[in-house]
Amino acid sequence: MGRAEARPTFLMILLLLAILTKADVPRVTVEELRPLLANGDAIAIDVRGSVPYELGHLPGAVWMPLGVLQSRAGELPEEKLLVMYCTCKAEESSLDAAMLLSKAGFARVAVLYGGYPAWVGAGFPVDSRRDDELAAPAAVSCAQKLRKVSGPVTRYRREQGKTVLTIGEETITLRHDGGDDPSRFFLVNGTPFANNDWNRVEVRKGEAREGVKATAWLCPDAATIIDWQP
């Protein structure tokens with residue numbers, strides 16, 4: 001009697017799928033992903049902002065938010081399954097990330113069904129740091145005591161020479177003499193602020209989007225840095 005043919009594994013099936021549209025992107029459950037991570041067959045990619053990532057992420061997850069994913073794609077291995085995750089209701093950010101990598105030539109991509117909340121809900125372990133241990137983004141340098149203020153932006157006004165915003169109960173003034181552009185003080189989810197990011201934080205020039213959040217990194221001997229979390 002001949003030897004039976006080996007049945008294709010779930011991972012093999014994923015690797016054979018061609019990613020054409022978001023509907024074609026494979027979904028991996030947390031129960032399926034955990035052994036793949038343990039065996040080194042997959043890498044989890046956290047596409048959220050820096051603060052959510054540091055508050056809690058899948059063990060060993062690579063932090064690559066959408067804003068930098070395309071420029072850093074070359075750091076990722078092509079031979080492993082790359083599984084994106086976020087905290088969106090329908091994995092929107094994860095799907096966008098998967099499509100970016102697919103278009104960049106990565107054939108082995110998937111998204112985590114239910115994202116980070118599903119992983120936590122299953123009781124699986126996470127890596128995290130206490131809020132008071134959060135590291136500042138690389139763009140923030142401070143020789144003295146660094147202070148962090150986070151919360152919704154309740155007041156925002158930018159005009160010639162200065163921008164004034166209130167985060168929580170803290171009012172911050174950024175001075176930019178000679179113009180009305182404070183973007184050199186801005187980050188978005190820990191990454192450099194780009195010209196197309198204005199639409200993510202402002203409804204129109206000088207008017208912040210309702211409910212937008214930000215973290216201000218305040219330093220006595222250096223410029224204040226505003227890290228937006230659209």
Side-chain angles (χ1 to χ4, degrees), residues 5-131 134 188-191 200 209 211-213 228-230:
E5 292 185 4
R7 295 181 61 188
T9 66
F10 175 77
L11 179 60
M12 290 170 61
I13 293 171
L14 282 179
L15 301 187
L16 292 172
L17 290 174
I19 308 301
L20 302 175
T21 68
K22 289 182 180 180
D24 298 314
V25 178
R27 271 67 165 178
V28 180
T29 67
V30 294
E31 291 80 10
E32 291 166 334
L33 178 59
R34 195 178 186 190
L36 293 176
L37 294 177
N39 295 334
D41 294 322
I43 293 178
I45 300 178
D46 192 317
V47 300
R48 303 174 301 163
S50 59
V51 173
Y53 172 79
E54 294 199 30
L55 287 175
H57 55 268
L58 273 63
V62 175
W63 179 62
M64 279 196 185
L66 274 174
V68 302
L69 187 64
Q70 196 164 19
S71 62
R72 291 182 55 194
E75 301 173 23
L76 299 171
E78 295 186 16
E79 71 276 6
K80 295 189 178 184
L81 177 65
L82 306 177
V83 182
M84 323 294 140
Y85 73 87
C86 57
T87 54
C88 312
K89 290 183 179 179
E91 292 83 53
E92 296 94 341
S93 295
S94 297
L95 287 168
D96 287 341
M99 292 302 295
L100 277 175
L101 290 184
S102 178
K103 290 175 182 177
F106 289 84
R108 304 167 179 177
V109 298
V111 301
L112 180 61
Y113 182 72
Y116 182 73
W119 184 273
V120 174
F124 295 160
V126 299
D127 286 345
S128 63
R129 300 168 69 181
R130 296 195 312 270
D131 187 61
L134 293 184
V188 173
N189 293 324
T191 63
R200 302 176 65 189
R209 290 191 174 278
V212 69
K213 296 180 180 180
W228 295 90
Q229 289 103 43

For residues [X] and [Y], report the shortest heavy-atom separation together with the two atoms involved.
| X | Y | answer |
| --- | --- | --- |
| Pro77 | Leu82 | O-CD2, 3.9 Å |
| Ala73 | Leu101 | CB-CD2, 3.9 Å |
| Met64 | Arg72 | CE-O, 3.5 Å |
| Cys86 | Val47 | CB-CG2, 3.9 Å |
| Val212 | Gln229 | CG2-O, 4.2 Å |

For this session: Kindly determine whether Leu112 and Leu58 satisfy side chain to side chain contact (heavy atoms under 4.5 Å, CB included), including the steps that lead there.
Result: CA-CA 11 Å; Leu112 180 61; Leu58 273 63; 4.3 Å; yes

Between [atom1] on residue [X] and [atom2] on residue [Y], distance to nearest 0.5 Å:
| X | Y | atom1 | atom2 | value |
| --- | --- | --- | --- | --- |
| Arg108 | Glu78 | CZ | CD | 8.5 Å |
| Asp127 | Asp46 | CG | CG | 11.0 Å |
| Leu100 | Leu66 | CG | CG | 6.5 Å |
| Asn189 | Arg200 | CG | CZ | 6.0 Å |
| Phe106 | Glu79 | CZ | CD | 9.5 Å |

Side chains of [X] and [Y]: closer than 4.5 Å at any heavy-atom pair?
| X | Y | answer |
| --- | --- | --- |
| Arg34 | Pro59 | no |
| Arg48 | Tyr116 | yes |
| Ile45 | Leu76 | yes |
| Thr87 | Pro52 | no |
| Glu91 | Tyr85 | no |
| Met84 | Val25 | no |

Exercise. side-chain contact (heavy atoms from CB on, under 4.5 Å) with Leu33: which of Val30, Leu37, Thr29?
Worked result: Leu37

Exercise. So does Tyr113 have more than 12 non-hydrogen atoms from other groups sitting under 6.0 Å from OH?
Worked result: no

Exercise. In this structure, are over 12 heavy atoms from other groups packed under 6.0 Å from Glu92 atom CD?
Worked result: yes

Exercise. So His57 and Trp63, side chain to side chain contact (heavy atoms under 4.5 Å, CB included) or not? Walk me through it.
Worked result: CA-CA 9 Å; His57 55 268; Trp63 179 62; over 6 Å; no

Exercise. Backbone N or O of Gly190 within a donor-acceptor pair of the Trp228 side chain at under 3.5 Å?
Worked result: no

